[in-house]
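One structure follows; several queries about it will come next.
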Amino acid sequence: MSVVEDRRRVALRINVLQWGAVAVFATLAIAFWFLQVVQNAKYEEMAENNHQRTLAWRAPRGVLYDRDGTVLVENRNSFTISIVREHSKNLEHTIALLASVAHLDPQALQQIVDRHRSEPSYRPIVVVEDATLAQVAAIIARRLDTELPDVIVDEVPARKYPEQSMAAHLFGYVGEANDQQVAAGVPSGALVGQQGIEKAYNDLLMGQDGARVVVVNSVGRKISTLEEQPPTEGRRLKLTIDHDVQRAIEEGFDSIGFDGAAVVLDPSNGEVLGFTSRPAYDPNAFAAGIDRATWNALTTDEDLPLQNRALQGRFSPGSTFKMAVALAGLEEGVITPDFKVHCAGHANFYGHDFKCWRFSRGGHGTIDLRHAIEQSCDVYFYTVANMVGVDNINKWATLLGLGVKSNIDLPNEVIGLVPSTEWKRLHTKEKKWYAGETISVGIGQGAVSVTPISMAVYMATLANGGTRVTPHLIKAVDDGNGWKPVPTPEPQSKIDIKPDALQAIHDGMWMAVNAAGTGGSARITGKDVSGKTGTAQVISNAGRAAAGKHIEKLKDNGWFVFFAPRDNPEIAGVVFLEHGIHGGNAAMVTHHILDTFFAKKEGRPLPPPPTLKANTSESN
Amino acid sequence: MFERRLHFHIDWAMLIAVMALCFIGLANIYSATGGPTGIYVTQIYGIILGLVALAICLAIDYRTLADKSHFVYAGVVLLLVYVLFLGVVRGGSRRWIDLGPMNLQPSEFAKAALALVLAKFFADSRRSGISRGDMLIAGAVTVVPLVLIARQPDLGTAVTLIPVLFAGAFVAGMPMRIFGILALVGVLVAPVAWKFALKDYQKERISTFLDPSQDAKGAGYQQIQARITVGSGGPWGKGFQKGTQGQLRFLPVAHNDFIFSVQAEEHGFAGVLVALGLYLFVILRALEAAALAKDRLGSFLVLGVLASFTFQVVYNITMSAGLAPVKGLTLPLMSYGGSSMIATLAGFGLILNVRMRRFTN
């Protein structure tokens with residue numbers, strides 16, 4: 001082969017290579033055009049998903065203030081630890097590692113993750129609410145080593161109840177939205193009010209969560225923030241509660257050492273000044289998700305700390321019911337304030353002998369209405385009840401607020417019972433009302449049962465002369481532009497009690513505290529405290545004797561209902577001591593409440609926490 | 001030795017295109033590594049040393065170099081043997097010789113050395129076409145460094161030696177049917193190789209290439225991310241240092257194997273066309289140099305150097321778009337790497353050399 005031929009072949013083959021190179025590069029250009037121009041939108045979205053995260057930004061709940069602006073419930077910063085499965089390389093490994101560095105139970109973690117399994121994988125699953133600083137530090141250290149790329153630590157606002165269990169049942173608590181709440185439109189995982197004001201005013205308090213769009217790198221670490229949509233804080237609420245009165249109630253209960261409930265109202269409009277139920281729980285325990293052990297302890301405690309006794313406890317009112325019987329007699333024209341009965345310590349009705357509590361000392365002799373209230377004469381009220389009849393008692397007790405809901409703006413209120421012939425016909429097996437049953441109703445025993453909240457309304461109605469105010473908790477709402485007063489809810493009913501009838505009842509109650517009655521420990525000089533004790537058996541005398549007298553759960557309940565001053569009352573309410581043995585003990589607690597109320601009103605120094613010594617002798 | 005007026009015949013256009021690619025690469029390294037870091041500075045030194053190597057390879061007549069090619073070849077093979085036993089281990093493979101401030105990667109120089117020795121071999125073969133015996137000798141010359149590099153292990157670089165052999169053979173007149181037979185053998189051997197020769201990580205790379213989603217967090221990750229990086233760049237790109245994929249490390253070894261993805265992300269399809277155009281221009285100019293070469297030796301030398309360069313460029317760019325299995329194969333002129341830069345520029349020194357001396361005797 002000649003050199004020329006050889007050269008021609010080389011040139012030819014090089015020519016092939018040139019065209020080949022052009023073809024290959026054209027193909028590459030087309031491939032890039034396809035990826036970068038045709039499919040650009042798709043890959044742009046994928047790149048965005050890669051490096052952008054939309055993180056929830058939890059809105060702080062609205063702060064609660066008392067009527068004077070003292071903070072009652074606020075927010076604090078807490079840390080949550082979440083797993084984002086989208087970034088998990090090995091979820092099991094993450095759970096095991098997280099459990100070991102944060103000292104958690106891996107099975108519990110797995111259960112939490114499993115519960116949210118059906119949610120989209122980019123949504124963080126909160127596995128630890130309110131993590132400790134030690135946990136946070138341990139996890140952040142691991143994250144920096146990229147060992148836990150799928151774990152995030154967030155700072156979120158959590159509810160703070162600065163005075164722990166104070167007014168716990170009033171404030172209620174928050175918790176993760178349950179299935180029904182999620183179905184009703186609450187975002188999954190959101191904290192919502194589950195009890196008390198937190199629940200009743202959740203829509204106002206919850207605010208609007210915001211969001212942050214952040215840029216993260218390939219190991220999920222946040223690099224910068226692209227977009228911020230700050231959350232809207234929940235509405236601030238100014239409660240009708242007076243922090244000092246509330247505090248006095250709590251101090252009184254702490255000192256006397258009994259469980260129970262207390263509700264204190266402004267009788268002119270139904271504003272709730274103080275509200276407690278004992279035993280209480282610490283709502284802080286719920287603030288960032290309650291742990292199972294604490295929850296189990298609360299739900300299995302036989303003292304029922306989760307029960308709101310003020311709204312949900314139904315108890316026999318005992319002697320505190322006598323004013324309702326008196327009013328029925330007076331308003332129905334069956335008696336006048338001067339109507340007198342002779343008490344020999346017992347009386348016979350329909351063939352049964354009914355004892356007065358003063359039986360052992362020979363009764364009260366001949367007394368009128370005022371003294372009958374003052375000294376709580378049972379025979380007097382047996383007689384009046386018998387004369388006026390159960391249906392009239394029911395009618396007037398209802399108008400005073402007993403046996404009906406108060407319609408306070410709190411959830412789960414139960415209804416008490418003031419019996420009537422109709423009730424018996426509709427709701428019992430026996431159907432027929434026996435006249436003898438009316439006698440027990442006259443002293444607040446038998447089928448009568450009331451809630452403490454209804455007793456407070458009863459007192460407010462008697463104090464203001466017949467307006468059954470609606471107890472309520474919100475004085476003003478901050479809609480973002482300052483406090484806007486909330487209108488007072490309409491009264492539930494309104495009657496005009498005859499002035500002489502009202503005066504006689506007020507006088508009797510005044511005498512019960514300021515003369516020879518059983519409420520002497522509530523007396524405050526110059527304040528004309530008017531009140532009435534009640535001591536209600538929880539079991540028959542015979543039954544108690546059989547069970548043994550000192551079993552705690554069988555001890556009598558103690559009531560004290562009150563308003564003050566007698567003329568133009570400013571405060572009305574009830575203190576109920578469960579198994580508190582004697583109504584006089586409740587009067588001691590009331591004394592501290594009223595003393596605080598008036599001291600504050602007059603600008604005197606508030607009284608120090610009392611040292612109350614309960615009367616534990618078990619007799620009236 | 002540098003005869004007068006020779007520099008008139010230097011292909012300045014190609015040299016400028018080569019330098020432009022180096023600059024584009026440097027800019028992308030700057031962007032991907034977040035500024036003037038050690039990597040960026042090292043690359044600048046690499047380019048400077050590469051230009052020195054280029055000047056040396058240009059200055060000495062390629063015929064003189066070809067005459068000494070067996071020494072160059074033997075020297076590189078010795079270095080490869082040395083590396084196999086005493087090299088620096090990084091990432092599980094032994095590829096480097098520690099020179100203090102810099103690590104030398106002899107396998108990069110094996111390409112130019114092989115191009116030189118094969119060019120000499122094919123050029124000296126005065127027969128018409130090439131015989132089977134020639135083919136066996138040329139194959140043996142290729143296989144020695146190839147096996148040594150593959151043992152490091154660095155299959156990617158080892159494979160780039162094969163185009164050197166075939167480019168020479170093709171132009172030297174190897175019958176087309178031999179290419180056909182080799183292709184057939186390749187198909188038949190592939191399953192056996194799959195079973196016995198490939199390591200697990202290599203198998204994984206190939207199987208995940210076929211279906212990246214089967215291992216979206218593991219081996220398929222790089223490929224998916226590469227495609228997202230390129231695709232999200234769009235027609236005009238996200239801007240210098242504005243690429244999310246490269247900047248936020250979703251794209252692995254962005255400054256190295258995936259430098260072209262960074263270019264595609266930050267400068268878009270427009271930037272891709274510029275870079276592709278420059279590479280194509282360089283390749284076509286080099287082929288022209290091969291055609292213009294004064295002698296067979298010159299043609300074969302240019303083609304040998306060009307073959308591994310082109311193969312590597314095309315493979316890397318395909319891979320950087322997520323369209324080929326991920327291999328540790330850098331993009332010549334643009335990727336980070338001192339040895340690669342020096343060896344590549346030295347290779348271009350040889351190409352320029354051939355063209356420059358096309359009129360000399």
Side-chain angles (χ1 to χ4, degrees), chain A residues 1-3 5-52 86-90 146 149-150 215-224 226, chain B residues 126-129 167 170-173 217-218 221 224-225 227-238 243-245 247-252 264-265 268-270 272-273 276-277 279-280 283-284 286-288 290-291 293 295-296 299-300 302-303 306-307 310 313-314 317-318 321-323:
Chain A
M1 190 191 285
S2 71
V3 173
E5 203 180 324
D6 182 54
R7 281 214 70 109
R8 198 189 301 144
R9 191 184 57 208
V10 168
L12 185 74
R13 292 211 164 181
I14 285 174
N15 203 244
V16 169
L17 290 177
Q18 280 169 331
W19 284 109
V22 170
V24 166
F25 275 76
T27 308
L28 281 177
I30 290 167
F32 275 85
W33 175 79
F34 193 69
L35 285 176
Q36 297 195 279
V37 179
V38 178
Q39 294 190 306
N40 173 237
K42 168 184 154 193
Y43 287 114
E44 209 163 290
E45 194 190 324
M46 287 170 86
E48 227 159 70
N49 284 346
N50 252 353
H51 74 272
Q52 292 183 9
E86 190 186 23
H87 304 302
S88 293
K89 293 221 161 86
N90 181 342
T146 71
D150 47 348
V215 174
V216 296
N217 67 7
S218 59
V219 292
R221 196 169 324 140
K222 188 181 144 193
I223 303 296
S224 63
L226 274 188
Chain B
R126 278 283 123 198
R127 283 182 294 270
S128 151
F170 172 66
V171 182
K217 290 285 180 193
Y221 175 83
I224 291 172
Q225 293 301 335
R227 217 174 288 176
I228 293 173
T229 306
V230 169
S232 65
W236 305 107
K238 300 176 187 172
T244 56
Q245 290 284 107
Q247 298 293 329
L248 300 171
R249 309 248 174 289
F250 290 102
L251 187 67
E265 183 184 28
F269 185 55
V272 167
L273 284 185
L276 283 180
Y279 274 116
L280 180 61
I283 288 164
L284 291 178
L287 284 172
E288 194 183 56
D295 49 17
R296 285 162 57 95
S299 296
F300 291 144
V302 168
L303 289 172
L306 192 60
T310 307
V313 166
V314 171
I317 290 178
T318 311
L323 301 172

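A, B, ... follow the sequence lines: proteins, then strands. Residue 1 opens every chain.
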So for I317(B), is it side chain, backbone, both, or neither that comes closer than 4.5 Å to the heavy atoms of chain A? both

Please classify the contact of A47(A) with chain B as side chain, backbone, both or neither, using a heavy-atom distance under 4.5 Å. both

Top contributor to chain B contacts, counting heavy-atom pairs under 4.5 Å, from Q39(A), R13(A), E45(A), Q52(A): R13(A)

Where on A167(B) is there a heavy atom nearer than 4.5 Å to chain A: the side chain, the backbone, both, or neither? neither

If we ignore hydrogens and angles and just use 3.5 Å, is the side chain of E265(B) paired with the main-chain N or O of T244(B) as donor and acceptor? yes

Quick one: does S232(B)'s side chain have a donor or acceptor within less than 3.5 Å of a partner on Y43(A)'s backbone? no

Working to the nearest 0.5 Å, report the span between OG1 of T318(B) and CZ of F32(A). 7.5 Å

I'd like to know if the side chain of T310(B) reaches the main chain of A307(B), judged simply by a donor and an acceptor atom lying under 3.5 Å from each other, with no hydrogens or angles considered. no

With chain A, which of S299(B), G237(B), A286(B), G268(B) has the greatest number of heavy-atom pairs at distances under 4.5 Å? G268(B)

Is L28(A) close to V272(B) at the side-chain level, that is, under 4.5 Å between some pair of heavy atoms? no

Applying a strict 4.5 Å limit to non-hydrogen atoms, the region of V38(A) in contact with chain B is neither

With a 4.5 angstrom heavy-atom cut-off, is it the side chain or the backbone of I283(B) that approaches chain A, or both, or neither? side chain

Spacing of R227(B) atom CZ and M46(A) atom CE [to the nearest 0.5 Å]: 8.5 Å

At a heavy-atom distance under 4.5 Å, which candidate from L17(A), L12(A), V37(A), N15(A) has the highest pair count against chain B? L17(A)

Interface residue of largest heavy-atom contact number with chain A, from L306(B), V313(B), L280(B), under 4.5 Å: L280(B)

Answer whether the closest heavy-atom distance between the side chains of L303(B) and F170(B) falls below 4.5 Å. no

